[in-house]
Structures are given as structure tokens and as C-alpha cells.
Protein chains: 2
Amino acid sequence: MSDRIIPEATKRRMPIYYKYFKSQQEAGTKRVSSKSISDSLDIDSATIRRDFSYFGELGRKGYGYNIDSLVDFFSEQIFGKTVKKVAIIGVGNLGSALLRYNFGGNVSNSMQLVAGFDIDETVIGKTIGNCVVYNMDELNHIVKEKNINIAILTVPKESAEEAKIAIENAGIHGIMNFAPVKLTGHEGLVIHDVDITLELQSLCFNMKLSRGE
Amino acid sequence: MSDRIIPEATKRRMPIYYKYFKSQQEAGTKRVSSKSISDSLDIDSATIRRDFSYFGELGRKGYGYNIDSLVDFFSEQIFGKTVKKVAIIGVGNLGSALLRYNFGGNVSNSMQLVAGFDIDETVIGKTIGNCVVYNMDELNHIVKEKNINIAILTVPKESAEEAKIAIENAGIHGIMNFAPVKLTGHEGLVIHDVDITLELQSLCFNMKLSRGE
DNA sequence: ATACTTATGCGACATTAAGCACTATTTGTG
DNA sequence: CACAAATAGTGCTTAATGTCGCATAAGTAT
Ligand SMILES: NC(=O)c1ccc[n+]([C@@H]2O[C@H](COP(=O)([O-])OP(=O)(O)OC[C@H]3O[C@@H](n4cnc5c(N)ncnc54)[C@H](O)[C@@H]3O)[C@@H](O)[C@H]2O)c1
Ligand SMILES: NC(=O)c1ccc[n+]([C@@H]2O[C@H](COP(=O)([O-])OP(=O)(O)OC[C@H]3O[C@@H](n4cnc5c(N)ncnc54)[C@H](O)[C@@H]3O)[C@@H](O)[C@H]2O)c1
């Protein structure tokens with residue numbers, strides 16, 4: 001059943017599964033069952049088995065799933081075979097927080113923060129976290145040199161469109177956009193928006209619904 | 001049809017609609033139709049009409065929807081009648097970025113960042129953005145004084161559980177959690193997790209699917 | 001006024017996702 | 001080695017979500 005028609009709902013759960021597998025692996029767990037995953041993630045066990053079945057037969061009847069195999073398999077599904085190299089575009093408040101954070105060190109075997117870029121002379125040349133902040137002029141060149149695949153866009157909304165074009169031209173195909181503007185790119189550019197005010201509104205609405213209040 | 005049985009899928013779209021209405025209102029738009037919303041948000045126009053219909057008859061046939069009414073109506077649905085007061089718990093890299101950002105000033109008629117809290121003497125007493133950073137000891141007292149409804153939790157993962165308990169005890173019912181740990185609270189505490197590494201994985205997976213790559 | 005256009009709200013239908021329940025298989029144990 | 005326990009994988013049922021089509025009301029132009 002591994003012909004590439006993976007339902008949207010399954011796609012959405014992939015990162016959630018992966019996060020769980022990693023945390024279990026770190027905790028020393030060797031095997032899991034659809035039941036044990038279900039208990040932790042609050043997803044029906046049948047849904048979990050069905051989700052996995054789209055990728056082939058990942059488990060063994062009567063035993064469950066081996067955690068190391070799951071991590072390896074999902075890692076390749078999500079990231080591919082090579083480590084993804086990530087750059088921060090716009091090293092201001094949020095960009096520098098992300099550089100210092102460096103994903104909490106957690107994801108470093110599949111994703112790596114490798115550079116920052118800005119137009120402000122006062123940050124260019126600095127090293128934040130363990131990344132150098134380069135001038136935007138150097139984007140093309142450094143992207144090739146360091147094999148950067150993904151850009152995290154943390155510039156003011158006014159500059160977002162301009163920065164997006166630079167990113168696209170440098171040959172990067174994935175953008176995680178924190179600026180509160182709608183960006184569209186050429187066919188083949190994948191843009192993922194993260195909007196913190198949207199998340200807060202979502203929280204407010206859930207509070208309203210669950211508590212009247 | 002305004003008996004409170006709003007489908008999950010509709011709930012998820014509420015903040016997206018609201019964001020769009022606000023942006024249109026700011027741009028001076030006076031009316032919209034399900035068709036025009038559909039074109040911008042890439043949600044089927046029938047889905048939009050159906051979503052709105054759960055809240056009653058918001059539009060007029062042959063005319064569409066009045067933007068100001070929509071903004072007012074959705075604002076009350078999402079936030080309620082009073083402005084939501086928000087505090088940042090843990091004023092480190094991310095917490096201080098959020099304080100300086102202050103939601104880009106956008107949401108200030110429905111949400112307001114009013115204070116920061118920390119345990120580190122070197123930040124306590126400072127003013128960041130336009131908020132004072134208080135000692136965590138003062139949480140109970142300031143929450144009452146300023147009528148704080150929501151906490152944004154940006155402490156290290158090791159302190160998250162402890163901070164959650166303090167927040168809960170102070171009488172706050174909504175937490176937006178940035179720490180990469182699973183928090184659970186009493187009945188009536190609404191927790192919304194934001195995990196940036198999860199979002200990045202989601203981006204990677206979409207790149208993989210859409211580009212083979 | 002009258003005809004024509006626009007666009008809602010809603011019932012009916014279609015698609016997608018979730019969950020049940022059964023089968024087949026492996027595990028682990030005595 | 002035999003057998004009970006565990007658990008994956010899946011056909012089928014049910015629930016949730018999305019879409020179509022149209023009657024109807026409102027707006028617009030002549
Ligand atoms: N700070 C937050 O907590 C926060 C939260 C959510 C969203 N955001 C969004 O993230 C973005 C950044 O926010 P911030 O508070 O870090 O802003 P900031 O002003 O502190 O930082 C922006 C940085 O981008 C740089 N920049 C400007 N134009 C550029 C360009 N064309 N190319 C490269 N770099 C450029 C600036 O020099 C600056 O260093 C904004 O769009 C904001 O709406 C911020
Ligand atoms: N920095 C980022 O870009 C980023 C991105 C995603 C998630 N996160 C998560 O957000 C959290 C904060 O990250 P950070 O980089 O800002 O860390 P940080 O260490 O810079 O800041 C944490 C702050 O919390 C304070 N603190 C510690 N214990 C506390 C307590 N019990 N009560 C109140 N304050 C307390 C510390 O004094 C410090 O000021 C972490 O859990 C991290 O995993 C950070």
C-alpha cells in the first residue's frame with residue numbers, strides 16, 4: 001500500500017509522530033505499539049496503524065514497532081537523506097532569539113542552523129549562537145557554499161516580499177515565514193507561515209468556547 | 001442556526017477569517033463576498049458561507065458581508081467583550097523578543113501585552129517594550145491588579161511545569177506554551193502549544209512531497 | 001417600475017477521515 | 001514446542017467535512 005497517496009490528515013500528523021518517537025528514543029524506549037502511542041498522543045490506535053500503513057508494513061504483529069527503525073524511517077520521510085541546512089533572514093529580535101536557540105540542539109542530526117543574513121551593518125559580521133551573520137549581498141554565494149535548503153524569514157513585514165525574492169533567487173525552495181504578510185512564490189517554492197497572533201486568537205477562542213467566560 | 005455546535009474545522013478557520021477581515025478593514029474595504037474571501041484565503045466559498053451560517057445570518061443576499069460588522073462580530077466571538085490582558089512568563093531570548101514586538105501593535109484593541117515575569121534579578125525591574133518585568137513572586141498580586149487573562153510561557157523546558165503551576169494558581173485560565181514539553185492542567189485551563197521545530201518539520205515534509213527533491 | 005445581476009443560505013450529495021471489529025501473525029512463556 | 005497473549009494490518013461502518021445547485025432576496029441599471 002505504499003503508492004504515494006497520503007491523506008492530508010495523515011500528513012499533518014507526521015511531525016507529531018516524529019516528535020514523539022524522538023522523545024521516546026531519548027528516554028531509552030526500545031519498542032512501542034499503536035496502543036502506547038495512542039495513549040500518549042490521544043490519537044485512535046486504528047488511525048495510527050492506518051497512517052503507518054500508507055508507508056508500508058512498518059511493524060511486526062504481536063510485537064509492535066521498533067523505535068529506532070521508526071525514527072530512521074520517519075526522519076527520511078520528513079527530511080530526506082541529507083541534513084537540511086537552515087538560514088535566518090533578518091537577525092533582529094526574533095531572528096537572533098532563534099539563532100541563540102538553535103532548535104534547542106534537538107534536531108541537529110536532521111536540521112542545522114548554519115547562517116544568519118541581514119542588511120544592518122551593526123549585526124553583520126557578528127556571531128550569534130554558533131552562526132555568523134552575513135550581508136544579504138552574500139546570500140547567493142553562501143547558500144551555494146553551505147548548501148542551504150531552508151530560510152526562516154524574520155524581517156519586518158515591509159521587507160518580506162523583497163527578501164522572499166532574494167531567497168527564491170538564491171535557489172532556496174522552502175521558507176518559514178514569521179512576517180504577518182501573505183507571500184506567494186513560483187511553483188516549487190514551499191512557504192509555511194507561522195503567525196503568533198493567529199495562535200493567540202486560537203487560544204482565546206478555545207477559552208471562550210470551553211469556559212463560556 | 002446559532003445553537004453552539006460549531007464543527008472543529010470551522011473553529012480552526014475562525015482566526016484565519018478574523019485576520020483577513022482586519023487586513024481588509026485596514027485597507028479600507030467596505031464589503032466582501034464569500035467569493036472574494038475564497039479567492040484570498042483559498043477556502044471554498046460554500047465552506048465559508050456554511051461556516052458563517054453557524055453563527056446566524058451574517059450576510060445579505062445579493063450584497064455580501066459588511067466588513068465592519070464582520071470584524072465586530074468575529075472579534076466578540078473570539079475575544080469576548082473585554083480586552084484580553086497577556087503576560088510573558090520568562091523574559092529570555094524569546095520572551096523579550098515578544099515583549100518588544102507587542103503583537104506588532106495590531107491586535108491592541110482586543111489583546112494587550114501588559115507585563116513580564118521572571119526569576120532572574122538581572123531582568124526583573126527592567127522595562128521592555130512598554131512592559132515592566134516583575135518578580136515571579138508578584139505574579140498573584142499583579143495578575144489580580146492588572147486583570148491578566150493569558151500567559152505566554154517562554155521559560156526553559158525544565159521550569160515549564162513549575163511555572164505552569166504558578167500561572168494556574170494565580171487564576172489565569174489560558175496558556176500559550178513555547179516550551180517543548182507536554183503540559184497538562186486542571187479542568188478549565190486551556191493550553192495551546194506552539195512548537196517551532198514541529199513547524200519546520202512540517203515545512204520539510206511538504207517540500208519533500210511537493211518537490212520529490 | 002422592470003429586467004437583470006449578484007450572492008446568500010440551505011438542502012442534498014460527495015468526499016474524506018475516523019473508528020470498529022476481525023484476521024493473521026509473531027512473541028514470549030512455561 | 002505448544003499455546004496464550006499481544007498487536008499489526010485492513011475491509012467495512014459511521015461520522016465529519018466539503019461541495020453543488022438552486023430558490024430567494026437584495027442590489028443595480030435602464
Ligand atoms: N519579535 C517577535 O516576537 C515576533 C513575533 C511574531 C512575528 N514577528 C515578525 O517577525 C518579523 C521580525 O520581527 P522582529 O521583532 O525580530 O523585528 P526586528 O526589526 O527586530 O528585526 C528585523 C531584522 O530584519 C532586518 N532586515 C530588514 N530588511 C531586511 C532585508 N530586506 N533583508 C534582510 N534583513 C532585513 C533588520 O535589519 C532587522 O535586523 C516581523 O515581521 C514581525 O512581524 C516577530
Ligand atoms: N529562543 C527561541 O527562539 C525559541 C524558539 C522556540 C521555542 N523556544 C522555547 O522557549 C523557551 C525559552 O527559550 P529562550 O531561548 O527564551 O530561553 P532563555 O533561557 O533565554 O529564557 C528563559 C527565561 O526564563 C526565565 N525563567 C527560568 N525559570 C523560570 C521560572 N520558573 N519562572 C519564571 N521565569 C523563569 C529565565 O530567567 C530566563 O530569563 C524554551 O523552553 C525554549 O525551548 C525558544
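Chain letters run A, B, ... following the sequence lines, proteins first and then strands; every chain starts at 1.
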As a test of reading the structure: which of [options] is closest to the side chain of [X], going by heavy atoms?
X	options	answer
A:Lys61	C:dT8, D:dG18, D:dT7	D:dT7
B:Asp44	D:dT19, C:dC10, D:dA26	D:dT19
A:Arg50	D:dT17, D:dG9, D:dG11	D:dG11
A:Ser33	D:dT7, D:dG27, C:dT8	D:dT7
B:Ala46	C:dA18, D:dT17, D:dC20	D:dC20

Check whether any side-chain nitrogen or oxygen of [X] sits under 4.0 Å from OP1 or OP2 of [N], and answer yes or no.
X	N	result
A:Arg12	C:dA18	no
A:Arg60	D:dT7	no
A:Ser34	D:dA8	yes
B:Thr47	D:dT19	yes

TODO: Determine whether A:Lys19 and B:Leu198 make a side-chain contact, defined as any pair of heavy atoms from C-beta on separated by less than 4.5 Å.
DONE: yes
- [ ] Examine distances only and state if a side-chain atom of A:Gln201 and a backbone atom of B:Tyr18 form a donor-acceptor pair shorter than 3.5 Å.
- [x] no
Task: Partner of B:Gln24 under side-chain contact (heavy atoms from CB on, under 4.5 Å), chosen from B:Val71, B:Leu70, B:Ile67 - done: B:Ile67
[X] [atom1] to [N] [atom2], straight-line distance once rounded to whole Å:
X	N	atom1	atom2	answer
A:Arg31	C:dG28	CZ	C1'	9 Å
A:Lys35	D:dA5	NZ	P	17 Å
A:Leu58	D:dT7	CG	P	17 Å
B:Tyr63	D:dG27	OH	P	8 Å
A:Glu57	D:dT10	CD	C1'	10 Å
B:Glu8	D:dA15	CD	P	17 Å
B:Asp51	C:dA7	CG	P	19 Å
B:Ile5	D:dA16	CD1	P	11 Å

Open item on the list: Once rounded to the nearest 0.5 Å, what's the spacing between atom CG of B:Leu203 and atom CD1 of A:Ile191?
Closed with: 9.5 Å
TODO: Drop me the distance from B:Leu98's CG to A:Leu94's CG, to the nearest 0.5 angstrom.
DONE: 7.5 Å
Task: Residue mapping more 5' on DNA chain C - nearest nucleotide basis, A:Ala9 or A:Gly62 - done: A:Ala9
Task: Position toward the 5' end of DNA chain C (nearest nucleotide), B:Tyr65 or A:Arg49 - done: B:Tyr65
